[in-house]
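Quick notes on the structure that follows.
In listed order, ligands and their atoms are each counted from 1. Owing to the predicted nature of the structure, the values given are computational and were not obtained by experimental measurement.
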Amino acid sequence: MKHTDIKQLFASPETYVNKKVTVCGWVRTARASKSIIFIELNDGTCLKNIQLIIEESENAFETAKTSLAVGTALCVTGKVVESERNGYEMIENQITVLGECPSDFPLQKKHHTLEYLRTIPHLRPRTRFFEAMFAVRNELSYAIHKYFHEHGYKYVHTPILTGSDCEGAGEMFRVTTQPWKTSHKTEGEYYADDFFGTKASLTVSGQLEGEIAAMGLGKIYTFGPTFRAEHSNTPRHAAEFWHIEPEVCFCDLHDIIEIAEDFIKFIIREVMRTCPEELAFFNERAEKGLIEKLEAVVSHDFAKVSYTDAVEILKNSNKEFKFPVEWGADLQTEHEKYLTDEHFKKPVFVTDYPAKIKSFYMKQNPDGQTVAATDLLVPGVGEIIGCSEREADLGKLEDAMKKRNMPLEAYGEYIATRKFGSVPHSGFGLGLERILMYVTGVSNIRDTLLYPRTVGSL
Ligand code: 4AD
Ligand code: MG
């Protein structure tokens, strides 16, 4: 169907003004009086609607009168003219109805609550809110690829089906083609009979395979879906989320922190450049002061604090926390919230966590207690990045695995990277939906995904 995107029309109106143009879209609102009809048409290419004006004397008046229902799909050919109120609008229109929209279409009001919209995910893309969200999500994804591409990283695709358990047990979705049977006597027998002849799961992270790729390609990143069967029913956890994981050789914790900060500022700047209308919309609808916040983020240094100092700050805060603050315990959401929202009031890298609460692959610090790891915490959202320098020493890595009762034989290929030309290397994981929450000011991860998957909800 030959037609012009409404975005294109508003982007270079001089090409179209006083000319005939065809647009297609859905009726957002319509007003009719005896002598004139106004229709606001939106095609999803931008937040703006094009206003169609149809006068009583025109042939299209009768068609327009019957196609005023919100949600009706139209194809319209008319003349673009300048207008004081709308910038540009269309007159002298011919209208074809592509699809009628009966009155049980649920999106009749101008504003619906996000809670209500979650019950009709199939219609959410027809709303301004989700048009804006998917525009930002799209530009953010593009900016992520752009950053790594411009900095010489190779995009590698790590497997989604995996036999290894990257971060530790308990959070993985199993993958099976086995029908239910009672004939298997042991777990081993059951898995041996399955598609891969062994237990298989959906990956929680591409990191281990990413490290293997980086240990030949130098610097890589992955950007794909990962899956976590976390039972935490919070506004920040999804069972399926998109994960960006760079892995960089010849790079220590200090270097990777610099990269992470540069990267976050770059992608935010790109979204500010490409999505000004969408951000203005979220500034109104999701978080007052959003644009000011983002401007401050890209123009100031992020804070840095060691875990040990963070614990002191929390202890001295005179706050009543539900979970006691103690060196060695993981920081809870309320602790992170105090650090970001009340103490630092900006993004903060918390570094050098106790080894006991972090993963086996993290580089052990000389103090014997902590690891060269950092989480990037941001106001309003909490953790958006998990990051570490990796343990490059074969013996130390094996010790850490033994301490955690991990089966070394299952990690033979990973361990081999430390045997054959081991190098200092570091990486991080950023959750796309978490940074999207931060950039849009939206407080629930369910409103950043087309079809959010959370515990109890598919
Ligand atoms: O901190 P995490 O678990 O780190 C890793 O997976 C490492 N392998 C990353 C690496 O070093 N390559 O997860 C990284 C990020 C978190 O900071 C968070 O942004 C996001 O992934 N994330 C989730 N996002 C949405 N829903 C969930 N259930 C998430 N779990 C983690
Ligand atoms: Mg983490």
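- The shortest separation from a heavy atom of Tyr361 to ligand 1 is under 4.0 Å, placing the residue in contact.
- Annotation for Glu115: atom CD counts as buried by contact number, over 12 foreign heavy atoms lying within 6.0 Å.
- Evaluated by nearest non-hydrogen atom to atom 6 (O) of ligand 1, the leading choice among Glu247, Glu389, Arg228 is Arg228.
- For ligand 1, the polar-atom distance check finds an N/O of Ile384 within less than 3.5 Å of one of the ligand's N/O atoms.
- Using 4.0 Å as the threshold, Met437 has no heavy atom nearer than that to any atom of ligand 1.
- Of the heavy atoms in Arg390, only side-chain atoms (C-beta onward) come closer than 4.0 Å to ligand 1.
- Taking the six-membered ring where tryptophan is involved, the planes of His151 and Phe266 are perpendicular, since the angle between them exceeds 60° and thus also 30°.
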List the steps, then state whether ring-ring contact (aromatic ring centres under 6.0 Å, His included) holds for Phe148 with Tyr155.
CA-CA 8 Å; Phe148 290 123; Tyr155 179 28; 9.3 Å; no
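- For ligand 1, none of its N or O atoms has an N or O atom of Ile445 under 3.5 Å away.
- Under the 3.5 Å distance criterion, with hydrogens and angles disregarded, no donor-acceptor pair is assigned to the side chains of Thr308 and Asp352.
- The side chain of Phe241, and not its backbone, has at least one atom closer than 4.0 Å to an atom of ligand 1 (non-hydrogen atoms only; side chain from C-beta on).
- Residue Glu245 has at least one nitrogen or oxygen atom sitting less than 3.5 Å from a nitrogen or oxygen atom of ligand 1, judged on distance alone.
- Inclusion of Leu430 in the set of residues having an N or O under 3.5 Å from an N or O of ligand 1 is not warranted.
- The closest approach between Arg236 and ligand 1 falls below 4.0 Å for a heavy atom of the residue.
- For ligand 1, the atoms sitting less than 4.0 Å from at least one non-hydrogen atom of Ser205 are 6 (O), 8 (N), numbered in the order shown with element in parentheses.
- Atom 28 (N) of ligand 1 has its nearest heavy-atom neighbour, among Glu383, Gln207, Glu230, in Glu230.
- The side chain to side chain contact (heavy atoms under 4.5 Å, CB included) search around Glu261 returns Lys265, Asp301, Phe302, Phe349, not counting sequence neighbours.
- In this structure, Glu433 does not count as a contact residue of ligand 1, since none of its heavy atoms falls inside 4.0 Å of the ligand.
- Within the structure, ligand 1 lacks Ser388 among the residues with a heavy atom less than 4.0 angstrom away.
- Nearest to the Mg ion (ligand 2), among the N, O or S atoms that Glu383 has, is OE2.
- Within a 6.0 Å sphere centred on NZ of Lys146, other residues, nucleotides and ligands contribute more than 12 heavy atoms.
- Considering only non-hydrogen atoms, atom 18 (C) of ligand 1 lies nearest to Arg434 out of Arg434, Arg453, Glu211, His243.
- Between Phe263 and Phe428, the ring-plane angle classifies as tilted under the 30° and 60° cut-offs.
- The shortest separation from a heavy atom of Asp375 to ligand 1 is not under 4.0 Å, leaving the residue out of contact.
- Checking Gln207 against Tyr361 by side-chain atom types alone, a donor-acceptor pair falls below 3.5 Å.
- Looking only at atom types and distance, the side chain of Thr448 has no donor-acceptor partner in the side chain of Arg446 under 3.5 Å away.
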What's the verdict on side-chain contact (heavy atoms from CB on, under 4.5 Å) for Glu389 and Ile256, showing C-alpha distance, side-chain angles and the deciding distance?
CA-CA 8 Å; Glu389 181 171 347; Ile256 196 77; over 6 Å; no
